[in-house]
Amino acid sequence: MSGTANTSATPQSAKMKKDESFLGKLGGTLVRKKKSKEVSDLHEEGKNAINAPMLPTGTEIHPEDTLMEENAERIMLDPTSRENLKFKDLLKVLIDWINSELEEDRIIVKDLEEDCYDGQVLQKLFEELSGRKLNVAEVTQSEIGQKQKLQTVLEAVNELLRPHGWTIEWSVDSIHSKNLVAIVYLLVALAMHFQAPIRLPEHVSVQVVVIKKREGILQTALVTKELTSTTEMMMGRFERDAFDTLLDHAPDKLNVVKTSLITFVNKHLNKLNLEVTELESQFADGVYLILLMGLLEDYFVPLYNFFLTPESFEQKVHNVAFAFELMQDGGLKKPKARPEDVVNLNLKSTLRVLYNLFTNYKNSD
C-alpha cells in the first residue's frame with residue numbers, strides 16, 4: 001500500500017513541481033517583461049521629455065502631426081485656455097458682433113471654428129464692413145474651392161490691415177484647419193480696424209502648443225499669445241476722430257460743441273415740452289434718444305417698444321440699443337458707440353451719437 005501510495009504520489013508531485021516550475025518561469029518572464037516595459041516606458045518618457053519639454057497635460061499630438069514635413073509648424077490651443085472665462089467672453093462678443101453685422105444676410109454663427117473655416121462668413125463680414133464686393137464663388141464645397149475663397153478674402157484683409165501696422169497672425173492653412181487662435185486674431189483685427197461698436201474684453205491671453213519638426217524630431221513648446229490688450233491701446237488703433245482731438249487738445253471748445261448740440265436737440269424736444277441741460281446724464285437711459293428720433297423722422301414711437309421709466313441697467317441698454325435701431329432705419333450708419341457706454345455716461349460716446357444726428361438733421365424743422 002505504501003509503495004503504491006508512493007508510486008501514485010510521484011507523478012502528482014512531479015506535476016506540481018512541473019507546474020510550479022512553469023509558473024516560476026512564467027513569473028520570471030512576466031517580471032522581465034514588466035521590467036522591460038518599464039525601461040521602454042522610461043525611454044519613451046525620456047524621449048518625450050526631450051522632444052516635448054513643455055507639453056501641457058491633456059494635449060494630444062495627433063497622427064497627422066508626426067507626418068509633418070521637415071521644418072513645418074503647427075499651433076494648437078492649449079485645452080486649459082479653451083476653458084478660460086475671459087477667452088470664452090471674447091468668443092461670445094465676437095460671435096454676437098458677426099451675427100449683428102450679417103443679420104440681413106440671415107447668417108447665424110454659433111461656433112467660430114466650424115462656421116469661419118471655409119471663408120463664407122469671413123467673405124460676407126469683410127464685404128459688409130468694407131462695402132467692397134469680392135470676386136469669389138458664393139458657395140464652395142470642395143477643399144480647393146474653400147481655400148481659393150479664403151485666399152481671396154485674406155489677401156483683401158491683409159492689403160487693408162498691413163499698412164496700418166498689423167502683424168498678420170493668420171493664413172489660409174491656419175484658418176482652414178480651424179485654428180481658433182488664428183480665427184480670433186483675424187476677427188479682433190477687423191473689429192478694431194472698423195471700430196466695431198463692441199467692447200472687447202481686456203488682457204485676453206491664451207497658451208498655445210507650438211509643434212515643430214526639426215531633423216525628423218517633433219519639438220514642442222508652450223507659448224502665450226496676447227489676443228487683446230487694454231481698451232485704450234486697442235482704441236489707439238482707430239483713426240482718431242474730431243472728438244478725440246477736441247477732448248485731448250481743445251477742451252476749452254468742448255462747451256461750444258455741447259451748447260450747439262443742446263440747442264439742436266431742444267429745438268425738437270421742446271415740441272414735447274421736454275428740455276435737455278446735461279448731455280451726459282439726460283440721454284443715458286435712452287428715452288430722449290428714442291423720442292428725438294421719432295421727432296426727427298416724424299413718427300410716433302409706440303410706448304410698448306421701450307421703457308418710458310427704465311429702472312435697471314438692462315432696461316436702459318435696451319432703450320439705447322432700440323434708439324440705435326431707429327437711427328439705422330432712418331438711413332444713418334450704425335453708431336460707433338456701444339449702448340452700454342452711453343448708459344455708463346461716457347461723454348465721448350454720447351457726443352458721437354448726437355453729433356451724428358446733428359450732421360444728418362441739422363436742417364430739419
Side-chain angles (χ1 to χ4, degrees), residues 56 75-103 107-117 121-122 125-126 128-129 157 161 164-170 174-175 178-209 222-241 244 284 312-314 316-318 320-321 324 334-350 352-353:
I75 296 179
M76 300 184 300
L77 181 63
D78 174 25
T80 57
S81 288
R82 190 179 286 271
E83 297 304 314
N84 181 286
L85 293 179
K86 290 180 73 172
F87 181 59
K88 284 185 171 182
D89 186 29
L90 176 59
L91 297 184
K92 184 181 184 305
V93 170
L94 291 173
I95 288 172
D96 289 346
W97 169 58
I98 295 172
N99 288 335
S100 173
E101 292 291 342
L102 302 183
E103 187 175 11
I107 291 175
I108 299 177
V109 170
K110 295 182 179 179
D111 184 287
L112 293 181
E113 291 162 294
E114 295 299 326
D115 296 333
C116 292
Y117 82 96
V121 168
L122 293 177
L125 180 63
F126 179 78
E128 178 67 27
L129 295 172
V157 169
L161 297 180
H164 294 275
W166 286 98
T167 301
I168 307 303
E169 298 273 3
W170 51 84
S174 63
I175 299 290
K178 303 180 183 180
N179 182 322
L180 184 56
V181 176
I183 293 170
V184 169
Y185 262 125
L186 173 60
L187 294 174
V188 167
L190 288 173
M192 289 165 61
H193 179 81
F194 286 103
Q195 303 183 40
I198 57 176
R199 183 178 290 280
L200 297 169
E202 295 186 325
H203 297 300
V204 179
S205 294
V206 294
Q207 289 190 313
V208 297
V209 181
L222 202 58
V223 177
T224 299
K225 293 279 190 180
E226 184 184 64
L227 300 174
T228 66
S229 54
T230 64
T231 298
E232 186 177 359
M233 289 181 68
M234 289 189 286
M235 292 295 288
R237 286 275 191 180
F238 298 165
E239 294 180 9
R240 294 170 62 78
D241 65 11
D244 290 301
S312 67
F313 180 81
E314 289 73 21
K316 294 175 182 178
V317 169
H318 168 87
V320 177
F324 285 6
K334 195 173 197 175
K336 293 188 182 299
R338 295 169 67 244
E340 291 86 349
D341 293 333
V342 175
V343 175
N344 283 325
L345 308 180
N346 183 298
L347 176 60
K348 199 183 296 185
S349 295
T350 305
R352 283 195 177 104
V353 172

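Just so you know, these numbers use all the heavy atoms, side chains as well, and skip hydrogens, waters and symmetry mates.
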Identify the two heavy atoms, one from Asn346 and one from Ser349, that lie closest to each other, and give their separation to 0.1 Å.
OD1-N, 2.9 Å
Should Lys316 and Glu340 count as an ion pair when the cut-off is N to O under 4.0 Å?
no
Report the C-alpha distance between Leu187 and Leu122 in whole Å, list the side-chain angles of each, state the deciding distance to 0.1 Å, and finish with yes or no for side chain to side chain contact (heavy atoms under 4.5 Å, CB included).
CA-CA 9 Å; Leu187 294 174; Leu122 293 177; 3.9 Å; yes
Full working for side chain to side chain contact (heavy atoms under 4.5 Å, CB included) between Val223 and Gln207:
CA-CA 5 Å; Val223 177; Gln207 289 190 313; over 6 Å; no
Might you point out which heavy atoms bring Asp78 and Leu222 nearest each other, and give the distance in Å?
CB-CD1, 4.4 Å
In Å and rounded to the nearest 0.5 Å, what is the CG to CZ distance from Leu90 to Phe87?
6.5 Å
What are the two closest non-hydrogen atoms of Val188 and Leu227, and how far apart are they?
CG1-O, 3.8 Å
So which atom in Asp115 and which in Ile108 form the shortest heavy-atom distance, rounded to 0.1 Å?
OD2-O, 4.4 Å
Side-chain contact test, heavy atoms from C-beta onward, threshold under 4.5 Å: evaluate it for Leu345 versus Leu347 and give yes or no.
no
Side chains of Ile98 and Leu112: does their closest heavy-atom pair fall under 4.5 Å?
yes
Quick one, His318 and Glu314 - any side-chain contact, counting heavy atoms below 4.5 Å?
no
For Ile175 and Asn179, what are the C-alpha separation, side-chain angles and deciding distance, and is it a side chain to side chain contact (heavy atoms under 4.5 Å, CB included)?
CA-CA 6 Å; Ile175 299 290; Asn179 182 322; over 6 Å; no
Does the side chain of Asn344 reach to within under 4.5 Å of the side chain of Phe313, using non-hydrogen atoms?
yes
Between Lys86 (side chain) and Glu202 (backbone), is there a donor-acceptor pair under 3.5 Å?
yes
I'd like to know if the side chain of Thr228 and the backbone of Val204 have a donor-acceptor N/O pair within less than 3.5 Å.
yes
Side-chain heavy atoms of Leu94 within contact of Leu200, under 4.5 Å:
yes
Any salt bridge linking Lys92 with Asp96? Criterion: basic side-chain nitrogen under 4.0 Å from a carboxylate oxygen.
yes
Heavy-atom closest contact (Ile95 atom, Lys110 atom, distance):
CD1-O, 3.6 Å
I want to check something: taking the side chain as every heavy atom from C-beta on, are Trp170 and Val181 in contact at a cut-off of under 4.5 Å?
no
Mind checking the CD-CZ spacing from Glu101 to Phe194? Nearest 0.5 Å is all I need.
10.0 Å
Contacts of Glu226 meeting salt bridge (Lys or Arg N to Asp or Glu O under 4.0 Å) (sequence neighbours excluded), chain-then-number -> none
When you compare the side chain of Leu161 with that of Val157, does any pair of heavy atoms fall below 4.5 Å?
yes
Report the distance from atom OG of Ser174 to atom CD1 of Ile183, rounding to the nearest 0.5 Å.
8.0 Å
Any salt bridge between Arg199 and Asp341, counting N to O under 4.0 Å?
yes
Given side chain to side chain contact (heavy atoms under 4.5 Å, CB included), test Val206 with Asn84 step by step and report yes or no.
CA-CA 8 Å; Val206 294; Asn84 181 286; 5.8 Å; no
Is the closest side-chain heavy-atom distance between Leu190 and Trp97 below 4.5 Å?
yes
So, for Pro201 and Asp89, which heavy atoms are closest and what is the spacing to 0.1 Å?
CG-OD2, 3.4 Å
Before accepting this row, confirm whether a basic side-chain N of the pair Glu169/Lys225 lies closer than 4.0 Å to the acidic partner's carboxylate O.
yes
